[in-house]
Amino acid sequence: MISPVTYPKLLLSLPIAFVCSAATQKVDSIPVPGAKAFPESITSTSDGTLFVGRIGDGGIVRITPRTAEGAVFIQPGASGSRSILGVFADEASSTLWACSNDLSALGGPATGRDTMSALKGFDLKTGVEKRSVVLPGSHAFCNDIAVDAKGALYITDSANPTVLKLSPGATAFEVFASSQQFLPPRGGGAGLDGIAFGSDGNLYVTTYVAGELFRIDVERGRAGGVTKLHGPPLVFPDALRPFGQRSFLLVEGAGTLDRVDIEGDEFKTVPLQGGFRVPTSVTRVGSTAWVSEGQLSAFFDRSHKSQSLALPFRIYAVPLSKGQTQ
């Protein structure tokens, strides 16, 4: 378990205010149940069903966009879980994967029994518990999730410079990739964050406080070299979702949804929507990008616990034009 003192140092760098650096337009939204939801991650299935992980209340909410109805699908404390961060709907295995971390010292749910960071697996249709695998080490922080074509899981550990792998049938994680470039800042703050496979078969990751984007070459299922990609500054990049050839969707904690285009060892960003209050994640359903708005500074920063929240918490639908999807 990470000590209560360490948690604020890990994620205290979340911005207190948001900056609108992209065109802001009115977009449709759906409320997320829970007065202390603080949505941290969002994922979706091919039929458009959305799943939202909650840091504050715990548990996972399932939302049907066609009816705009949301309800708690995975109860707080299920499988011993605590605060839910990254979520990933793995339709191939019919599993809803979720990162669980004990943030009770900051006001997170106290209903779960876990004290260690863990990856949880629930049945995608029924919500029944399937797996629970603890991350290695006493100082770990499960943040986000990716899955390869063979069903292996890859996890970013925000407290360590490692990407972890859980092979099909394995009962414990192994270190897939490690680099000094992934180290969290010495002064405190989150390190590794977003993770996704690109159309080239390589793995891409972001670092939150440092605002950097990396490519991990994948050669015959093994990690090769780690390359820092060069491009415009990223301000608290969070989530990373495949978006066509050589592109990703990404949110910046400063307030924007971006498209990130990769070209060799360089990248460029195209702002798609601004004005969010600490956006935390994104998922694509057809021609719509759904963005979760976390307002997390009010959760992680004790000095801002009393700041005014925009309630209820919401996820936002951002239409993607033909030009944005190319």
Side-chain angles (χ1 to χ4, degrees), residues 1-3 6 10 40-41 43 45 51 53 55 58-60 73-104 108-109 111-179 182 184 191-197 201-203 205 216 218-224 226:
M1 175 182 178
I2 303 175
S3 71
T6 307
L10 254 177
E40 203 284 333
S41 185
T43 186
T45 53
F51 298 88
I55 278 187
I60 301 173
F73 177 58
I74 305 298
Q75 293 294 325
S79 185
S81 64
R82 297 291 190 133
S83 290
I84 300 297
L85 280 85
V87 290
F88 188 96
D90 181 10
E91 292 186 87
S93 67
S94 191
T95 305
L96 177 59
W97 299 104
C99 281
S100 169
N101 294 282
D102 182 5
L103 298 178
S104 56
T111 51
R113 63 179 180 273
D114 288 356
T115 58
M116 305 286 284
S117 181
L119 176 70
K120 304 292 184 179
F122 302 95
D123 187 278
L124 191 55
K125 295 182 179 180
T126 66
V128 172
E129 174 188 355
K130 296 176 67 173
R131 298 287 305 276
S132 181
V133 185
V134 175
L135 272 64
S138 59
H139 184 75
F141 198 93
C142 183
N143 194 311
D144 212 349
I145 307 160
V147 180
D148 69 15
K150 295 182 178 180
L153 294 150
Y154 300 79
I155 309 296
T156 48
D157 182 351
S158 292
N160 295 286
T162 53
V163 174
L164 301 173
K165 179 180 180 180
L166 184 68
S167 298
T171 58
F173 286 101
E174 61 181 294
V175 174
F176 177 73
S178 181
S179 172
F182 300 156
L192 284 166
D193 197 317
I195 182 169
F197 280 95
N202 295 318
L203 197 58
V205 296
I216 303 173
V218 179
E219 304 166 357
R220 298 180 180 179
R222 298 181 179 274
V226 175

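Nothing fancy with the numbering, it's 1 onward along the sequence. Computation of the quantities below employed the complete heavy-atom set of this structure, encompassing side-chain atoms and omitting hydrogens, waters and symmetry-equivalent molecules.
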Inset, instruction - To the nearest 0.5 Å, tell me how far Phe122 CZ sits from Arg131 CZ. - result: 12.5 Å
Legend entry - Value rounded to 0.5 Å, distance of CG in Leu166 from CG in Leu119: 6.5 Å
Legend entry - Nearest atoms (heavy-atom pairs only) where Ala152 meets Lys165: CB-CE, 3.7 Å
Inset, instruction - Measure the CG-SG distance between Leu135 and Cys99 for me, rounded to the nearest 0.5 Å. - result: 7.0 Å
Legend entry - Trp97 side chain near Ile155 side chain, heavy-atom distance below 4.5 Å: no
Inset, instruction - Considering non-hydrogen atoms only, spot the tightest contact between Asn160 and Pro184 and give its length. - result: N-CG, 4.2 Å
Inset, instruction - Using atom types as modelled and distance alone, determine if a side-chain donor or acceptor of Arg82 lies under 3.5 Å from a backbone N or O of Gly112. - result: yes
Inset, instruction - State, to 0.1 Å, how close Gly86 and Glu40 come at their nearest heavy-atom pair, and which atoms those are. - result: N-OE1, 3.5 Å
Inset, instruction - Indicate the atoms forming the closest heavy-atom contact of Ala177 with Ala223, along with that distance. - result: CB-CB, 4.0 Å
Inset, instruction - Examine distances only and state if a side-chain atom of Ser178 and a backbone atom of Thr162 form a donor-acceptor pair shorter than 3.5 Å. - result: no
Legend entry - Check: Leu103 main-chain N/O paired with Asn101 side-chain donor or acceptor under 3.5 Å: no
Legend entry - Atom of Asp102, atom of Thr115 and distance for their closest heavy-atom approach: OD2-CA, 4.0 Å
Legend entry - Flag, side chain of Asn143 to backbone of Asp157, donor-acceptor distance under 3.5 Å: no
Legend entry - Distance in Å, Phe182 CZ paired with Ser158 OG, rounded so as to fall on 0.5 Å steps: 12.0 Å
Inset, instruction - State the CG-CZ distance between Leu124 and Phe51, to the nearest 0.5 angstrom. - result: 4.5 Å
Inset, instruction - Using only heavy-atom distances, determine whether the side chains of Thr95 and Lys130 contain a donor-acceptor pair under 3.5 Å. - result: yes
Legend entry - Heavy-atom closest contact (Gly194 atom, Asp144 atom, distance): CA-OD2, 4.1 Å
Legend entry - From Asp114 atom CG to Ser79 atom OG, the distance as rounded to the nearest 0.5 Å: 7.0 Å
Inset, instruction - Give the C-alpha distance, both sets of side-chain angles, the deciding distance and a yes or no for side chain to side chain contact (heavy atoms under 4.5 Å, CB included) between Asp193 and Thr156. - result: CA-CA 6 Å; Asp193 197 317; Thr156 48; 5.5 Å; no
Legend entry - Main-chain N/O of Cys142 paired to Ser117 side chain as donor or acceptor, under 3.5 Å: yes
Legend entry - Test applied, side-chain contact (heavy atoms from CB on, under 4.5 Å); reference residue, Leu153; option that passes from Val133, Leu164, Ile145: Ile145
